[in-house]
Amino acid sequence: MLVHKSVNDKNVNKMNVVMVHGGVETSCAPHYIKALRESALAGYNALGRGLVDAAEEAVMILEDCPLFNAGYGSVLNMDGEVEMDASVMDGGTGKFGAVAAIGCVAHPVSVARKVLEDTPHVLLAGAGATKFARSKGFPQINCVAPGMLEAWQRATDKMSRGILPNASLFTGLPEENGIAACDTVGCVVAHNGQTAAASSTGGSFLKLPGRVGDTPLIGGGIFASGRCAVVCTGLGEAFMETLTAAYVDSLLARGIHPQEAAEKAIERLNEKRGAPGGILVADSQNRYGAAHNTRSFPVAVVLGGSLAEDFSPRKIAVSDRR
Ligand code: ASP
């Protein structure tokens, strides 16, 4: 099913696209949507500097916002520490940069950008990634937000008494109106026949120290090429094992529209792993799409500098599994 017919049905949409998400199972309350819209507009305003700048800028705004599970406000691991993953990819050059299990930086996505630009590597992890960030002038920041510490204390206290915590898989927070409070963030950008993607996360609540999700893994939770840019959110292990972001790119290579590709990839994730997930795609013709199989997946889209008020990602029912 195609969405946003007036713009998105055309073979070529002339307006550039900046699309951001706040993660699956994230609240769609007005203040979440407002933050996502500000992020997408900030990305658009940075487009003059370049597509990677736009994607990075949009993600930085959300890393700064404690509503989301990225940067300050990230979830805590089993040891009560924040370990974050982030990445950027330039579809035009195929260059990729990522950090995994990095601690104590405000903007992991910007450290990932430095890996892309200033090193011969594509992925730095753990203490080495944090040390690299310091060498590039990123100050030491405490990323542990009080609400996340409380969530960790509640959950580990219950676990020590043999009770499974009744909290969001992703955030550890008690659910408000059936929806958890925050999750991973990501951005895709399409402009002048080029694409870029950026993503950032605190990962999953109570993960083992050292656990790395799909966010910094090329082809798993993020991809960009001459065809399209893709970012994913959801159960990272499922996205890694199914190489979902690369699969979306392969669908576009077969001429499939980004909206249909996002839907097919979520259906495939259902079929192969039965895992929660959400996907954003924008292609080099400025067409775009988004799909998920969860209770909520807040997304903001800016087309040619204006918010697309009527866009919403397509929800694929879990019963649609084939
Ligand atoms: N995919 C992320 C991870 O597994 C979490 C998320 O996007 O919800 O680390």
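As the structure lists them, so they are numbered: ligands from 1, and atoms in each ligand from 1. What you see is a predicted model, and the numbers here were worked out from it, not measured in a lab.
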*Asks:* Just heavy atoms, cut-off under 4.0 Å: does M84 contact ligand 1 by side chain, backbone, both, or neither?
*Replies:*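 Answer for M84: neither.
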
*Asks:* Would you call E56 and R49 a salt bridge, taking side-chain N to carboxylate O under 4.0 Å as the test?
*Replies:*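 No, no charged N to carboxylate O under 4.0 Å.
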
*Asks:* For T119, check side chain to side chain donor-acceptor pair (under 3.5 Å) against everything at least two apart and list the hits.
*Replies:*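 If we apply the side chain to side chain donor-acceptor pair (under 3.5 Å) test to T119, skipping adjacent residues, there are no hits.
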
*Asks:* Could you tell me if the side chain of L76 sits less than 4.5 Å from the side chain of E83, heavy atoms only?
*Replies:*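 Side chain of E83 against side chain of L76, heavy atoms only: no contact under 4.5 Å found.
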
*Asks:* Salt bridge or not between D90 and K95? Use side-chain N to carboxylate O under 4.0 Å.
*Replies:*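 Salt bridge absent between D90 and K95.
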
*Asks:* Is the distance between the ring centroids of F223 and F96 less than 6.0 Å?
*Replies:*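 No, too far apart.
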
*Asks:* Which atoms of ligand 1 have any heavy atom of G203 under 4.0 Å away?
*Replies:*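 The atoms of ligand 1 under 4.0 Å from a heavy atom of G203 are 9 (O).
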
*Asks:* Geometry only, no angles: is V24 polar-contacting ligand 1 at N/O separations under 3.5 Å?
*Replies:*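 There is no such contact.
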
*Asks:* Any atom of ligand 1 sitting under 4.0 Å from a heavy atom of G234?
*Replies:*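 The answer is yes: ligand 1 sits under 4.0 Å from a heavy atom of G234.
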
*Asks:* Can you list the ligand 1 atoms lying under 4.0 Å from a non-hydrogen atom of T233?
*Replies:*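 Counting from 1, the qualifying ligand atoms are 6 (C), 7 (O), 8 (O).
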
*Asks:* Hey, looking at atom 3 (C) of ligand 1, which of H21, E25, R211, K207 has the closest heavy atom?
*Replies:*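 Checking each option, the heavy atom nearest atom 3 (C) of ligand 1 is found in R211.
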
*Asks:* Give the atoms of ligand 1, by number and element, whose distance to some non-hydrogen atom of D214 is under 4.0 Å.
*Replies:*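 With D214 as reference, the close atoms of ligand 1 come out as 1 (N), 2 (C), 3 (C), 4 (O).
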
*Asks:* Just distance, no hydrogens or angles: give the donor-acceptor pairs under 3.5 Å from side chains in residues 132-145, sequence neighbours left out.
*Replies:*
residue, atom, partner, partner atom, Å
R134, NH1, F138, O, 2.9
R134, NH1, P139, O, 3.4
R134, NH2, C104, O, 2.9
S135, OG, F132, O, 2.6
K136, NZ, D118, OD2, 3.2
N142, OD1, V144, N, 3.0

*Asks:* Near T184, which atoms of ligand 1 are under 4.0 Å from a heavy atom of that residue?
*Replies:*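 Selected atoms, number and element: 2 (C), 5 (C), 6 (C), 7 (O), 8 (O).
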
